[in-house]
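Please read the structure below before turning to the comments.
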Amino acid sequence: MVDYTEQQEELRELAREKNALIIAHNYQRPEIQDVAHFTGDSLELSRMAAGTDADIILFCGVHFMAETAHILSPQKKVLLAELKAGCPMADMITAEDLVKLKGEHPQALVVAYVNTSAAVKAETDICCTSANAATVVANIPEGREIIFIPDRNLGHYVEQKTGRELIKWQGYCPTHEYITAADIRRTREERPDAVVLAHPECLPEVQEIADSLESTSGMIRYARESAASSFIIATEMGLNHRLQKENPGKQFITPTRKAICPNMKMTTLPKALATLREERYEIRLDEEIRSRALAAVEAMVSYT
Ligand code: 13P
Ligand code: SF4
């Protein structure tokens, strides 16, 4: 049983009155994760948004995530708790950039990380998240050219995992690129017993020395099932809250305190409350863009 603060109680009560589902990404502030009905990685949150019978989805995360929820569930009111919360990586490629790249590789299939705008998704064949990127690519017939956007590091991970060569866009997550291989080596020297879990948005040299590469919920599963008792967590620091909460007897070590996503931290309890109370910041798309993006997003949620 969770002990809610007054504001958390108020948010839950408002959600009950309005038949709203509060969903939060694993990087959200602790008090947001604790009040949410469901916390997860990008793939789990998309599936949750597609399957719920709530009238309103209050999305605590960043813009592309709420857009994806709207693409999958246009009949629901999708509210982004903080409208200014974007993703710098998603902003590194525009639909015009992608159309130009497709023009240079007319036979290529386009695989886009879900961290992209809806306009980019509308030009995409299939979307993926870090949890299923390698499976999505492995299922494309051999010999077919593949454009992979926008994350060069996730692209590198997929290349290593599948042995396929990708035409990679050179986008990246600034938060994950703050984590260096030197940070991991130093932390490992201090804690040689710890298992290193890294997100595939990390640099290739970090990926190489990690014990396992996982999505955020993949790390949660790994930590739960592992016999090890300490872990070095190479991803955004917000994940440590859930890891620690669900595994009180285990220790989670941060290799650098720089790994904070400022956009993920923009959502606060007062903002989430105001958003739901006023039903503000509704995410809606032009129907032409939404329906063109739908097939790529539906394919994404079908791959585990
Ligand atoms: P996942 O939770 O899907 O691993 O995504 C990480 C991320 O950076 C989301 O913006
Ligand atoms: Fe974007 Fe990185 Fe923040 Fe995720 S952690 S929202 S990829 S900037």
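Counting starts at 1 for both ligands and their atoms, in listed order.
Using 4.0 Å as the threshold, Ala131 has no heavy atom nearer than that to any atom of ligand 1. Under the 4.0 angstrom criterion for non-hydrogen atoms, Met65 is in contact with ligand 1. No heavy atom of Asn263 sits closer than 4.0 Å to any atom of ligand 2. Contact between Glu201 and ligand 2 is present, with at least one heavy atom of the residue lying under 4.0 Å from the ligand. For the ligand labelled ligand 1, residue Glu44 lies outside the 4.0 Å heavy-atom shell. Every heavy atom of Met89 sits 4.0 Å or more from the atoms of ligand 1.
From the protein, the heavy atom lying nearest to atom 3 (O) of ligand 1 is Ser42 OG, 2.8 Å. Atom 7 (S) of ligand 2 has Asn115 ND2, 3.2 Å as its closest protein atom, hydrogens excluded (heavy atom only). Taking atom 4 (O) of ligand 1 as the reference point, the nearest protein heavy-atom neighbour is His199 NE2, 2.7 Å. Here the protein heavy atom with the shortest distance to atom 10 (O) of ligand 1 is Asn115 ND2, 3.4 Å. Nearest non-hydrogen protein atom to atom 8 (O) of ligand 1 is Glu201 OE2, 3.0 Å. At the top of the distance list for atom 1 (Fe) of ligand 2, counting protein heavy atoms only, stands Cys87 SG, 2.4 Å. Nearest to atom 8 (S) of ligand 2 among the protein's heavy atoms is Pro88 CD, 3.4 Å.
Using modelled atom types, one side-chain atom of Glu44 and one backbone atom of Asp41 make a donor-acceptor pair closer than 3.5 Å. A donor-acceptor pair under 3.5 Å is formed between the side chain of His37 and the backbone N or O of Ile22.
Side-chain contact, His199 with Ser215: no donor N or O sits under 3.5 Å from an acceptor N or O. Looking only at atom types and distance, the side chain of Tyr27 has no donor-acceptor partner in the side chain of Gln33 under 3.5 Å away. For the residue pair Thr5/Gln7, the side-chain donor-acceptor check at 3.5 Å is not satisfied. Side-chain contact, Thr135 with Asn132: no donor N or O sits under 3.5 Å from an acceptor N or O.
When each of Glu278, Gln8, Glu10 is tested with Leu273 by the rule side-chain contact (heavy atoms from CB on, under 4.5 Å), just one qualifies, namely Glu10.
Checked by distance only, ligand 1 and Asn26 stay at 3.5 Å or farther apart across all their nitrogen or oxygen atoms. Residue-to-ligand polar distances place Thr216 within reach of ligand 1: an N/O pair is separated by less than 3.5 Å. Inclusion of Asp41 in the set of residues having an N or O under 3.5 Å from an N or O of ligand 1 is not warranted. Considering backbone and side-chain N/O atoms, Thr129 never comes within less than 3.5 Å of an N/O atom of ligand 1.
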Stepwise, does the salt bridge (Lys or Arg N to Asp or Glu O under 4.0 Å) test hold for Lys102 with Glu123?
CA-CA 9 Å; Lys102 287 193 332 183; Glu123 295 293 338; 3.0 Å; yes

### Query
Going through the distances and angles, do Arg290 and Glu287 end up as a salt bridge (Lys or Arg N to Asp or Glu O under 4.0 Å)?
CA-CA 5 Å; Arg290 191 199 69 81; Glu287 183 51 26; 2.9 Å; yes

Evaluation steps, salt bridge (Lys or Arg N to Asp or Glu O under 4.0 Å), between Glu225 and Arg221: CA-CA 6 Å; Glu225 289 164 11; Arg221 256 188 312 278; 5.6 Å; no

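The contact set between ligand 2 and Cys173, taken as ligand atoms under 4.0 Å from a residue heavy atom, comprises 2 (Fe), 5 (S), 7 (S), 8 (S). Close contacts of ligand 2 with Tyr27, meaning ligand atoms under 4.0 Å from a residue heavy atom, involve 5 (S).
The closest side-chain heavy-atom distance from Leu276 to Ile56 is below 4.5 Å.
Atom CE of Met300 and atom OG1 of Thr124 lie 11.5 Å apart (nearest 0.5 Å).
Because the distance cut-off is set at 2.8 Å, Cys261 fails to qualify as a neighbour of atom 2 (Fe) of ligand 2, as none of its N, O or S atoms comes that close.
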